[in-house]
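Okay, so here's the structure we're looking at.
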Amino acid sequence: MIRIAAVGDVHVDKDVVGRYRPALEQLPGRADALLIAGDLTRHGTVEEAKCFATEFGGLAVPVVVVLGNHDHQSDQEQQVTEVLTDAGITVLECSATVLEIRGHRLGIAGAKGFGGGFAGACASNFGEREMKNFVGVTEDISARLGEALRSVECDALVALTHYSPVPDTLVGEPLEIYPFLGCYQLGNAVDSAPTALALHGHAHHGSERGRTPGGVPVRNVAHPVIKQAYNVYQLLSESVDAELVSA
Ligand SMILES: [Fe+2]
């Protein structure tokens, strides 16, 4: 069995440093890796990225993240990525990594994702150039996430995004903003590979549990949803949901 801890939308700035650390220090006994589903910072500045690296770097378990929309706010995503990478944190964007965990290979493919909406209520690749550009980004990121997922050779495969691949985990958010919270193309990407679990954030008022059309369990790990430093999920196990740890 592999246990992964996951959280998203931690929105770190100076005032948050120290808030997560006590629970993070307990990770080695609770989980084999920590996955963070984007919105690591408030406004995507280098200073905030350094605060995030202080809080989430140097842990005794591997840390793998994707960026979120907030991490793009200052157009410094490249510098933010460098700060995180220098702190030993793996940043995925339409790419994948494999962690060796007690003889098992944990594959993680990640991407920020994008909006667009879901079946029956989605943007389509038609009309104005601006709309085609918008949907084009959605389709491109989703296609490249699918390629990353299918490229991994591992024993347990996880998809890590910021935007949601399904509407199930958005329940609680206003219906009107679903197209800005995720897209069905990400769900198709998840279903195009033998994915064991899909993790995302972004929907602070959503719900934790959902499933893709292909049956892959989806978990919204946004901090305001899970209401603790991280949830723990199990792979190579009958159920992905571990007993709740108090973190
Ligand atoms: Fe977000």
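Values below: every heavy atom of this structure, side chains too, minus hydrogens, waters and symmetry copies. Every number for a ligand or one of its atoms is a count from 1 in the order of the listing.
Ion pairing between a basic and an acidic side chain is recognised when a charged N comes within 4.0 Å of a carboxylate O; E25 and R21 show such pairing.
For residues 103-113, the salt bridge (charged side-chain N to carboxylate O under 4.0 Å, His left out) pairs, not counting sequence neighbours, are R105-D155.
Residues F56 and Y20 come closest through the heavy atom pair CZ-CG, 3.8 Å.
V216 belongs to a hydrophobic cluster whose other members, connected by ILVMFWY side-chain contacts under 4.5 Å either directly or through intermediates, are V190.
When you scan the N, O or S atoms of H202 for the one nearest the Fe ion (ligand 1), you land on ND1. Minimum-distance N/O/S atom of D39 relative to the Fe ion (ligand 1): OD2. Between the Fe ion (ligand 1) and the N, O or S atoms of H162, the shortest distance is to NE2.
Counting backbone and side-chain atoms alike, Y163 contributes no N/O/S atom closer than 2.8 Å to the Fe ion (ligand 1).
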